[in-house]
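Heads up, the thing below is written out as structure tokens.
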Amino acid sequence: YPDYRGKGCVDESGFVYAIGEKFAPGPSACPCLCTEEGPLCIQPECPRLHPRCIHVDTTQCCPQCKERKNYCEFRGKTYQTLEEFMVSPCEKCHCEANGEVLCTVSACPQTECVDPVYEPDQCCPICKNGPNCFAETTVIPAGREVKTDECTICHCTYEEGTWRIERQAMCTRHECK
């Protein structure tokens, strides 16, 4: 091969370019400028690839995304983008457009009883026996006075509709005959 140094540049297929000419040295390479010192190739600022890209085309100067992942994987299952799903009675999740799964856990209000029960398929405990409180160790209903023995009357200090109840009853002792 003749020496082209100082006269031009050669691409990978052997084609010669004059000084000052722009050329691509290979099929996927970025453009170069032919200078006296040889090819001057500056990598351009390529746009960043989408984080969910699963198929990249590298045949051009800047890689391009050809296919994006349009689903989420969560606890071994696949969900479509923007799909909402329940993973437990208390946990609701959402497949975001970026492939991330965001979950929210239900916040349960404070119960108005001291003996709440958990029902299957329900997130929050419920008061099957209505509002109540403890009179020492006995559970008594709210809203009425209960005689716990001959000398003691107790009642739950309960504020209707505010979901606030004192766990221990207010008890008053009377003079016993």
Side-chain angles (χ1 to χ4, degrees), residues 12 22-32 41-148 152-171:
E12 65 182 36
K22 277 191 173 171
F23 71 104
S28 66
C30 294
C32 299
C41 306
I42 296 161
Q43 176 72 35
E45 282 266 334
C46 289
R48 285 177 54 207
L49 286 174
H50 193 276
R52 307 203 58 204
C53 191
I54 52 173
H55 181 242
V56 181
D57 176 13
T58 55
T59 61
Q60 286 144 52
C61 173
C62 284
Q64 289 184 323
C65 184
K66 287 289 172 209
E67 190 185 348
R68 285 186 193 177
K69 185 174 141 189
N70 62 347
Y71 57 90
C72 299
E73 288 166 83
F74 188 72
R75 294 183 188 166
K77 288 187 178 159
T78 302
Y79 300 94
Q80 290 305 302
T81 301
L82 306 180
E83 185 182 344
E84 282 196 344
F85 53 98
M86 298 293 285
V87 290
S88 75
C90 299
E91 209 175 355
K92 185 183 192 179
C93 298
H94 187 257
C95 174
E96 298 286 305
N98 66 358
E100 298 288 314
V101 172
L102 288 185
C103 296
T104 52
V105 177
S106 304
C108 294
Q110 192 182 346
T111 58
E112 51 180 15
C113 62
V114 291
D115 58 353
V117 288
Y118 281 92
E119 290 283 303
D121 302 327
Q122 277 201 351
C123 180
C124 297
I126 55 167
C127 293
K128 276 194 158 172
N129 304 320
N132 57 35
C133 66
F134 285 116
E136 283 168 31
T137 55
T138 315
V139 175
I140 64 165
R144 66 174 194 258
E145 292 191 336
V146 176
K147 244 184 153 178
T148 55
T152 314
I153 294 177
C154 299
H155 73 277
C156 294
T157 52
Y158 168 61
E159 292 172 39
E160 184 73 59
T162 61
W163 290 87
R164 206 183 124 250
I165 194 160
E166 294 296 328
R167 293 181 65 78
Q168 287 295 332
M170 293 285 287
C171 296

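For this chain, numbers begin at 1 and follow the sequence in order. Just so it is clear, the model here is predicted, and its values are computed rather than measured.
- Residue pairs meeting the side-chain hydrogen bond (donor to acceptor under 3.5 Å, both in side chains) criterion with at least one partner in residues 133-147, sequence neighbours excluded, do not occur; the list is empty.
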Check against side-chain contact (heavy atoms from CB on, under 4.5 Å), E96 and V101:
CA-CA 6 Å; E96 298 286 305; V101 172; over 6 Å; no
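- With hydrogens and angles disregarded, a donor-acceptor distance shorter than 3.5 Å links the side chain of T81 to the backbone of N70.
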Might you work through the side-chain contact (heavy atoms from CB on, under 4.5 Å) test for I126 and Y118, ending with a clear yes or no?
CA-CA 7 Å; I126 55 167; Y118 281 92; over 6 Å; no
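- Residue C61 comes nearest to C46 through the heavy atom pair O-SG, 4.4 Å, listed as atom of the first residue, atom of the second, then distance.
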Could you walk me through whether C123 and C108 pass the side-chain contact (heavy atoms from CB on, under 4.5 Å) test, one step at a time?
CA-CA 8 Å; C123 180; C108 294; 4.2 Å; yes
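- The two residues P44 and C30 make their nearest non-hydrogen contact at CD-SG, 3.6 Å.
- With sequence neighbours excluded, no residue forms a ring-ring contact (aromatic ring centres under 6.0 Å, His included) with Y71.
- Between V139 and F134, some side-chain heavy-atom pair lies under the 4.5 Å cut-off.
- Within the 4.5 Å cutoff, the side chain of I140 has heavy atoms near those of the C133 side chain.
- Counting only heavy atoms from C-beta outward, the side chains of P109 and C124 approach each other to under 4.5 Å.
- V87 places a side-chain heavy atom less than 4.5 Å from the side chain of R75.
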